[in-house]
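Residues take their numbers from the sequence shown, with the count starting at 1. None of these values were measured; they are calculated from a predicted model.
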Amino acid sequence: MTQLITSNVKKLRLDFLNVRNTSSLIFEPISIEDAVMQSDPFGSTPNWHIAHVTWFFQKILEKYKQDVGKNSINTDYLNSYYQRYRKLLPKPDRGKFPRPRVSETLKYRSLIEDMFLKFLDYIEKNNSLVRNLAYDIELANQHEMQHQELLVYDLQHYFQRFEDPKDNYEPKITKKTKPMIDGADIEQDMVRISGGIYELGFSGDDFCYDNEIPEHKTYLNPYQIDRYPVTNREFIDFIDSGGYQDYRFWLSDGWDLVKEKEWKAPLYWQKIDRDWYKKDFGGLNKVQPNEPVTNVSYYEADAYSKWVGKRLPTEAEWEKAASWNEDLKRKTMYPWGDHLPLDINANLLESWKWAPTPIGSYPQGRSHYGCHQMIGDVWEWTSSEYVLYPGFSSKFSEYTDKWAINQKVLRGGSFATPRLQIRNSYRNYFKPHERIPFSGFRCVRDLL
């Protein structure tokens, strides 16, 4: 194995401390009563999230022969995915087992954190950081970032059940900024993307998930893609036109769900008098017309696309629109270039806005082709099935590989995605009926 310079340990330590601090910021406002509730089989209790990500760090320590010993607790409740760790608690049952107790979770979290920091100190002192170890540590950090976003999903879903608008999650940090562009003056249009061979996937030297590689060639026909994500105003037009009542726009499974679940609008929307309202982290408010629509399933995104005479992009079409720079003749890590997201580029978790921002809010985040908000605000459904790239090789078994069936790829991140988590090549995946993720979409049209 190739040895790495010890300065990388400093970055891993800093990322570890930052990610654990962010999780604490999200978790601290939650009462003990709310911390052990699971509002939907899709999600988890807040307490489970905090304990599970700590358990993952424990598993990294154990993998590298660190004696956890008395620092551990009964972790049988914290594994729902990994067959190799034997005992599984089925995901829908997490709320039925409020264990470990919240006080135990917080103590466990502190003890494992101390052990992990000592482990990092040992690695740095002995100049013993190798690539596989570095990847596993980074993966543990990234894993916790993923659960930060999942925790925000669960908080949104849990607190919306209470009719009192004041009975809500109250974030420790909230930032509100005035949009840089008046969304009312923005008209949705499309940009042209040339066809040809495109190299799909991650091409950098930094961390990526194993499902983002290997980079490989794919052929694209020329197409147009929406400059902005589809907005609430546009989606309301679909609703008002009877889109949820017309089978012609729906895939068969989606139409069955519309009838069975009586879907009439995106998740969390409610009609009060003649207006649509939604309870979110800002309380009960009118649906903002110029914000990207969110909490829609793949089926709803696909139906809207057909209604408007377009279609959903493939993940390769989405990635080229976000990544390719015709002037540089290469891909960039983000739509705006290669530097990490700043407040002027995108609305991500550390923006602390707790909601999508109006379209046009981030002109300095647009891609070379002129597409806005491809990173942040809402995940964007693509028409691509989640399959592993040709030549895939797992770097951590049971993490991305065994899920490659019956799921659709989403790209771009949401307002709850941590900054260090997202990039143009990042592949998220959910089942087509799921609406709890902060998912929206933009459309494409063929140019043949």
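- For the residue pair Glu212 and Tyr389, no side-chain donor N or O sits within less than 3.5 Å of a side-chain acceptor on the partner.
- Ring planes of Trp336 and His339: tilted class, angle from 30 to 60°.
- Interatomic distance, Thr54 OG1 to Leu111 CG, rounded to the nearest 0.5 Å: 10.0 Å.
- Tyr426 and Gln421 form a side-chain donor-acceptor contact under 3.5 Å, judged by distance and modelled atom types alone.
- Here the straight-line distance linking atom CD of Glu300 with atom CG of Leu267 works out to 8.5 Å at 0.5 Å rounding.
- Taking all atoms of both residues into account, the shortest heavy-atom contact from His372 to Tyr362 is ND1-O, 4.1 Å.
- Classified by interplanar angle (parallel below 30°, tilted 30° to 60°, perpendicular above 60°), the ring pair Trp307/Phe238 is perpendicular.
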Worksheet item: Could you go step by step and tell me if Tyr369 and Trp324 meet the ring pair (Phe, Tyr, Trp, His ring centres under 6.0 Å) rule?
Response: CA-CA 8 Å; Tyr369 291 109; Trp324 186 252; 8.5 Å; no
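- Taking the six-membered ring where the residue is Trp, Phe42 and Tyr153 present tilted rings, their angle falling between 30° and 60°.
- With hydrogens and angles left out, the side-chain atoms of Ser39 and His157 include a donor and acceptor closer than 3.5 Å.
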Practice prompt. Just do the ring pair (Phe, Tyr, Trp, His ring centres under 6.0 Å) check on Trp48 and Phe97 with the steps written out, would you?
Written response: CA-CA 9 Å; Trp48 187 92; Phe97 293 88; over 10 Å; no
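- The CZ atom of Arg227 sits 4.0 Å away from atom CG of Asp189, with the distance rounded to the nearest 0.5 Å.
- Shown here for Tyr108 and Gln58, the closest heavy-atom pair between the two residues is OH-OE1, 2.6 Å.
- The residues Glu104 and Lys107 are annotated as not salt-bridged, no charged nitrogen and carboxylate oxygen being separated by less than 4.0 angstrom.
- Salt bridge status for Glu124 with Lys10: present, with a side-chain N to carboxylate O gap under 4.0 Å.
- Between the side chains of Thr332 and Asp338, no donor-acceptor pair of N or O atoms lies under 3.5 Å.
- Comment: Lys306 engages Asp302 in a salt bridge, judged by a side-chain N to carboxylate O separation of less than 4.0 angstrom.
- Residues Glu319 and Lys331 are paired through a salt bridge, judged by an N-O separation under 4.0 Å between the basic side chain and the carboxylate.
- The shortest side-chain heavy-atom distance between Tyr228 and Asn290 does not fall under the 4.5 Å cut-off.
- With ring centers used as reference points, Tyr81 lies 6.0 Å or more from Phe56.
- In terms of heavy atoms, Pro41 sits closest to Pro92 at CB-CB, 4.0 Å.
- For Tyr386 and Asn211, the side-chain atoms include at least one donor-acceptor pair closer than 3.5 Å.
- Counted by atom type alone, Asp377 and Asn347 present one or more donor-acceptor pairs between their side chains at under 3.5 Å.
- Among Phe415, Trp379, Phe430, the one residue that satisfies the ring pair (Phe, Tyr, Trp, His ring centres under 6.0 Å) test with Phe438 is Phe415.
- When all heavy atoms of Ser297 and Trp263 are compared, the closest pair comes out as OG-CZ3, 3.6 Å.
- Look at Glu317 and Lys320 and you find no salt bridge, because none of the NZ, NE, NH1 or NH2 atoms lies under 4.0 Å from a carboxylate O.
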Practice prompt. Evaluate the criterion side-chain hydrogen bond (donor to acceptor under 3.5 Å, both in side chains) for residue pair Ser383 and Arg311; output intermediate values, then yes/no.
Written response: CA-CA 8 Å; Ser383 62; Arg311 62 176 174 82; 5.1 Å; no
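- If you check the side chains of Ser110 and Glu113, you find no donor sitting under 3.5 Å from an acceptor.
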Worksheet item: Could you go step by step and tell me if Trp381 and Phe441 meet the ring pair (Phe, Tyr, Trp, His ring centres under 6.0 Å) rule?
Response: CA-CA 5 Å; Trp381 288 107; Phe441 61 102; 9.4 Å; no
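- Under the 30°/60° scheme for interplanar angles, the aromatic rings of His49 and His147 are found to stand perpendicular.
- Two residues are said to be in side-chain contact when any heavy atoms from C-beta on lie closer than 4.5 Å; Leu447 and Arg192 meet this criterion.
- Of the N and O atoms on the side chains of Thr45 and Gln38, not one donor lies less than 3.5 Å from an acceptor on the other residue.
- Using modelled atom types, one finds no donor on one side chain facing an acceptor on the other under 3.5 Å when comparing Thr382 with Arg411.
- If you look at Tyr244 and Trp250, their ring centroids are closer than 6.0 Å.
- One distance of note links CD1 of Ile436 with CG of Asn295; it measures 8.5 Å at 0.5 Å rounding.
- A cation-pi contact, defined as under 6.0 Å to the ring centre and within 45° of the axis, is absent between Arg442 and Tyr304.
- Between Phe57 and Phe116, the two ring planes are perpendicular [angle over 60°; tilted spans 30° to 60°].
- Classification of Lys118 and Asp114 as a salt-bridged pair fails, no side-chain N sitting under 4.0 Å from a carboxylate O.
- With hydrogens and angles left out, the side-chain atoms of Gln142 and Glu138 include a donor and acceptor closer than 3.5 Å.
- Shown here for Ser351 and Ala346, the closest heavy-atom pair between the two residues is OG-O, 3.4 Å.
- Counted by atom type alone, Thr105 and Asn47 present one or more donor-acceptor pairs between their side chains at under 3.5 Å.
- Distance check: Arg20 CZ to Ser24 OG gives 7.5 Å after rounding to the nearest 0.5 Å.
- No side-chain donor-acceptor contact under 3.5 Å links Glu434 and Tyr298.
- When all heavy atoms are compared, the tightest approach of Lys395 to Asp210 is N-OD2, 2.8 Å.
- Using modelled atom types, one finds a donor on one side chain and an acceptor on the other under 3.5 Å when comparing Ser23 with Glu144.
- Checking Asp154 against Ser44 by side-chain atom types alone, no donor-acceptor pair falls below 3.5 Å.
- If you run salt bridge (Lys or Arg N to Asp or Glu O under 4.0 Å) between Arg427 and each of Glu380, Glu385, Glu315, only Glu315 comes through.
- Interatomic distance, CG of Asp206 versus CG of Leu420, reported as 10.5 Å (0.5 Å rounding).
- Electrostatic pairing of Asp76 and Arg99 does not count as a salt bridge here, judged by no charged N lying under 4.0 Å from a carboxylate O.
- Side-chain polar atoms of Tyr158 and Asp34 form a donor-acceptor pair below 3.5 angstrom.
- A salt bridge is absent between Arg131 and Asp136: the closest approach of a Lys/Arg side-chain nitrogen to an acidic carboxylate oxygen does not fall below 4.0 angstrom.
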